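Working notes, structure below.
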Amino acid sequence: MLTKLFAGFALIAASSQAALATDWQYCLAPSQAEHKVYMSDAFPVRGTLDDADTAFELMLDQAGLRHDIVQCPRADDERSIVMMQQYAISFSHGNGNTIVHLPLEVTR
């Protein structure tokens, strides 16, 4: 009986940990014509993955910033997404682009 009780607690604890796991994203949109890449900070995903793409594109459009395709890569954790973002920055600089950091209020 005691073994079943501990097994039940272990299952509940594991379920709670899984519920705390959060995907992370950042958004970017190159502007080939202006040799710029617009980029947000990393943030935890809330809602669907497409919500961030839509919000970032709307923000760029409202600001009158010319851009190409918006992308919002995701990762399983904050460390991974920050590493992906750092690679994108390095790659963009290597191609002669300026990184323009923009705040993205993600209130989904």
Side-chain angles (χ1 to χ4, degrees):
M1 177 72 168
L2 194 55
T3 304
K4 287 183 181 179
L5 183 62
F6 284 124
F9 283 134
L11 183 59
I12 291 170
S15 298
S16 298
Q17 291 293 354
L20 294 176
T22 302
D23 288 349
W24 283 76
Q25 284 183 287
Y26 73 93
C27 293
L28 66 106
S31 177
Q32 299 293 332
E34 297 179 10
H35 302 286
K36 294 179 182 178
V37 176
Y38 300 105
M39 191 174 294
S40 75
D41 290 331
F43 55 89
V45 174
R46 294 180 209 103
T48 66
L49 295 177
D50 292 336
D51 289 347
D53 297 55
T54 302
F56 197 66
E57 185 162 22
L58 181 62
M59 182 185 70
L60 293 171
D61 290 345
Q62 288 177 342
L65 300 172
R66 293 182 359 180
H67 61 88
D68 302 320
I69 302 292
V70 170
Q71 305 168 48
C72 296
R74 63 148 298 282
D76 293 335
D77 55 59
E78 184 178 14
R79 181 179 176 273
S80 297
I81 201 68
V82 168
M83 289 175 58
M84 290 169 61
Q85 186 179 37
Q86 289 172 348
Y87 178 79
I89 290 169
S90 177
F91 182 83
S92 296
H93 280 154
N95 286 320
N97 293 310
T98 300
I99 304 298
V100 179
H101 293 278
L102 299 172
L104 176 61
E105 292 297 322
V106 184
T107 56
R108 294 173 275 146

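It should be emphasised that the depicted structure is a prediction, and the values quoted were computed from it without experimental measurement.
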Pairwise distance CZ(Arg74) to CE(Met84) - rounded to 0.5 angstrom: 8.0 Å

Side chains of Asp77 and Ser80: is there a donor and an acceptor less than 3.5 Å apart? yes

To the nearest 0.5 Å, how far apart are CG in Asn95 and NE2 in His35? 10.5 Å

With side-chain contact (heavy atoms from CB on, under 4.5 Å) as the test, would you mind laying out the steps for Val37 and Val100 before giving the verdict? CA-CA 6 Å; Val37 176; Val100 179; over 6 Å; no

At what distance, to the nearest 0.5 angstrom, does CD of Glu57 lie from SG of Cys72? 9.5 Å

Step by step, work out the side-chain contact (heavy atoms from CB on, under 4.5 Å) result for Cys27 and Tyr38. CA-CA 8 Å; Cys27 293; Tyr38 300 105; over 6 Å; no

Are Asp61 and His67 close enough that a side-chain donor and a side-chain acceptor fall under 3.5 Å? yes

Would you say Ile89 ends up clustered with Leu65 if hydrophobic residues are merged whenever their side chains have heavy atoms under 4.5 Å apart, either directly or through other cluster members? no

Nearest 0.5 Å, please: how far is CG in Leu28 from OG in Ser92? 7.0 Å

Considering residues at least two apart in sequence or located in another chain, which fulfil the side chain to side chain contact (heavy atoms under 4.5 Å, CB included) criterion with Met59? Phe56, Leu102, Leu104

Out of curiosity, Arg66 CZ to Glu34 CD, how far, rounded to the nearest 0.5 Å? 5.0 Å

Please list all pairs meeting salt bridge (Lys or Arg N to Asp or Glu O under 4.0 Å) that have one or both residues in residues 79-93, counting only residues at least two apart or in different chains. none

